[in-house]
Amino acid sequence: MTDDRRMGVPLPRKTKPDKPIQTLTGLAVIPEDSSVPEARAGVPSTGADRVYEAIYQAVLERRLSPGERLREQELAEQFNVSRTLVRQALQRLAQEQVIELLHNRGARVPIPSLEDAGSVFDARRVVECEVARQLAGRLSAEQLQTLQDLATHETEADRQGEHALAIRLSGEFHQAMAQMHGNPVLSRWLNGLLPTTSLLMSRFKRQGGQVCVAHRHVDLIAALQKNPAAAGAEMRKHLNELEQSLTDPAAPRRQLRDVFQAYRDNPE
């Protein structure tokens with residue numbers, strides 16, 4: 001019995017499911033033993049699901065900014081649902097730490113600190129390096145093509161200035177790998193880490209460059225066709241590069257003479 005089987009982690013099977021899972025971009029992801037949350041797998045079926053999915057994607061795509069308020073009444077009007085359903089969606093998002101619920105102040109998008117980045121990327125390395133290691137050499141031609149299509153579309157979206165789409169495709173690339181692995185717990189963990197990653201990138205990423213350097217995704221696909229060590233190392237390199245792209249924007253330094261000029265000068 002292999003180490004992976006002793007760990008209780010399901011490996012990709014060689015048989016295909018009856019139907020491919022359609023991602024939000026319409027590209028077919030074919031995980032060969034995956035369990036995908038309903039909101040990730042297709043069109044949400046309830047009002048609460050629709051609100052949940054829209055807010056999740058808006059945070060992930062940086063359409064919502066850190067600290068932005070989410071008012072129940074406005075959301076209810078936007079989605080034509082009751083405030084009760086909005087509240088259900090917000091509570092679920094808060095449990096997953098995608099948003100914050102403030103006592104007597106409603107909901108808002110979190111404002112992560114640069115210190116949070118270390119914890120987030122440490123967790124992503126634990127999850128995604130192991131996913132890459134266990135997928136190495138075990139993906140079907142269809143699965144590899146799915147990853148290649150996501151990387152190609154991401155590059156094209158970024159080239160055309162469609163940054164929200166590029167961000168979504170970047171997240172879907174990482175989600176697709178977790179889905180292909182087949183462990184639903186790892187998929188849920190990654191889904192919870194991606195929105196915080198987007199908020200960190202929104203606040204602290206140095207100007208210029210792609211959100212999730214697409215050439216690294218191409219390199220990952222190549223490494224996945226080699227061996228576990230190569231795949232795990234390439235994923236670690238990719239995540240390290242993302243973390244290192246974050247920097248604390250320095251406040252412009254002011255001279256004390258400028259600060260106290262108003263008090264020093266006497267009006268005539």
Side-chain angles (χ1 to χ4, degrees), residues 24 37 39-40 48-79 83 86-125 127-128 154 157-158 161-175 188-214 238-253:
L24 291 171
R40 297 274 80 82
D49 286 338
R50 286 193 293 112
V51 176
Y52 167 92
E53 184 68 12
I55 295 174
Y56 179 96
Q57 289 296 338
V59 172
L60 188 66
E61 297 174 10
R62 304 188 203 169
R63 296 181 188 274
L64 287 172
S65 303
E68 193 162 346
R69 287 302 184 86
L70 300 168
R71 295 175 175 82
E72 287 185 8
Q73 185 58 43
E74 291 181 8
L75 291 169
E77 293 171 358
Q78 287 292 320
F79 291 96
R83 292 183 62 175
V86 170
R87 197 170 299 120
Q88 290 175 4
L90 293 176
Q91 288 172 348
R92 180 181 168 193
L93 288 160
Q95 289 173 353
E96 298 176 5
Q97 299 184 330
V98 178
I99 66 163
E100 295 176 332
L101 292 179
L102 307 176
H103 183 62
N104 292 329
R105 294 169 60 193
R108 75 171 184 184
V109 179
I111 309 175
S113 68
L114 193 58
E115 290 71 27
D116 294 328
S119 299
V120 169
F121 279 96
D122 277 347
R124 288 192 63 175
R125 279 185 284 268
V127 173
E128 296 192 80
E154 178 192 351
D158 190 80
E162 298 179 5
H163 300 303
L165 177 58
I167 293 167
R168 173 184 289 188
L169 289 165
S170 174
E172 287 190 5
F173 182 96
H174 288 264
Q175 288 170 327
R188 287 198 300 271
W189 286 348
L190 179 60
N191 287 342
L193 291 166
L194 287 175
T196 306
T197 301
S198 275
L199 293 174
L200 286 164
M201 302 295 276
S202 178
R203 292 197 72 197
F204 301 115
K205 188 177 187 299
R206 289 191 292 270
Q207 294 299 313
Q210 295 161 307
V211 58
C212 192
V213 189
H238 176 42
L239 295 174
N240 286 348
E241 188 173 287
L242 284 178
E243 184 177 10
Q244 290 163 9
S245 74
L246 305 179
T247 183
D248 196 357
R253 186 175 180 181

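Reckoned from all heavy atoms, side chains included, excluding hydrogens, waters and symmetry mates.
S113 is linked by a side chain to side chain donor-acceptor pair (under 3.5 Å) to E115, D116, counting only residues two or more places apart in sequence or in another chain. Partners of R125 according to the salt bridge (charged side-chain N to carboxylate O under 4.0 Å, His left out) rule, which considers only residues two or more places apart in sequence or in another chain, are D122, E243. Taking E61 as the reference, R63, R168 meet the salt bridge (charged side-chain N to carboxylate O under 4.0 Å, His left out) condition, with sequence neighbours excluded. Residues satisfying the side chain to side chain donor-acceptor pair (under 3.5 Å) test with R71, not counting sequence neighbours, are none. The side chain to side chain donor-acceptor pair (under 3.5 Å) test applied to Q97 returns no partner, not counting sequence neighbours. With sequence neighbours left out, the side chain to side chain donor-acceptor pair (under 3.5 Å) criterion links Q88 to no other residue.
For the atom pair CG of L60 and OG1 of T196, the computed distance is 10.0 Å after rounding to the nearest 0.5 Å. In this structure, the separation between OG on S170 and CD on E154 is 4.5 Å, given to the nearest 0.5 Å. Atoms OG and CZ, from S119 and R124 in turn, are 14.0 Å apart once rounded to the nearest 0.5 Å. For the atom pair CG of L199 and CD1 of I111, the computed distance is 9.5 Å after rounding to the nearest 0.5 Å. A distance of 7.5 Å separates NE2 in H174 from CG in L194, rounded to the nearest 0.5 Å.
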*Full working for side chain to side chain contact (heavy atoms under 4.5 Å, CB included) between L75 and L90*: CA-CA 10 Å; L75 291 169; L90 293 176; 4.2 Å; yes
*Could you please spell out the steps behind the side chain to side chain contact (heavy atoms under 4.5 Å, CB included) verdict for V51 and L93?*
CA-CA 10 Å; V51 176; L93 288 160; 5.8 Å; no
*Check the pair R105 / R69 against side chain to side chain contact (heavy atoms under 4.5 Å, CB included), numbers first and verdict last.*
CA-CA 9 Å; R105 294 169 60 193; R69 287 302 184 86; 3.2 Å; yes
*Could you go step by step and tell me if Y56 and N191 meet the side chain to side chain contact (heavy atoms under 4.5 Å, CB included) rule?*
CA-CA 10 Å; Y56 179 96; N191 287 342; 3.7 Å; yes
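Side-chain atoms of R203 come within 3.5 Å of backbone atoms of P112 as a donor-acceptor pair (strictly under, hydrogens ignored).
R50 forms no cation-pi arrangement with F79, by the criterion of a distance under 6.0 Å to the ring centre and an angle within 45° of the ring axis.
No side-chain heavy atom of E128 sits under 4.5 Å from any side-chain heavy atom of H238. The closest side-chain heavy-atom distance from E68 to V59 is not below 4.5 Å. Between L169 and D158 there is no side-chain heavy-atom pair separated by less than 4.5 Å. Side-chain contact check for L70 versus R108: every heavy-atom pair is 4.5 Å or farther apart.
Between A166 and A157, the shortest heavy-atom contact is N-CB, 3.9 Å. When all heavy atoms of M201 and L242 are compared, the closest pair comes out as CE-CD2, 3.9 Å.
Partner F121 forms a side chain to side chain contact (heavy atoms under 4.5 Å, CB included) with one of L246, L193, N240 and no other, that one being L246.
Under the 3.5 Å distance criterion, with hydrogens and angles disregarded, a donor-acceptor pair is assigned to the side chains of Q73 and E77.
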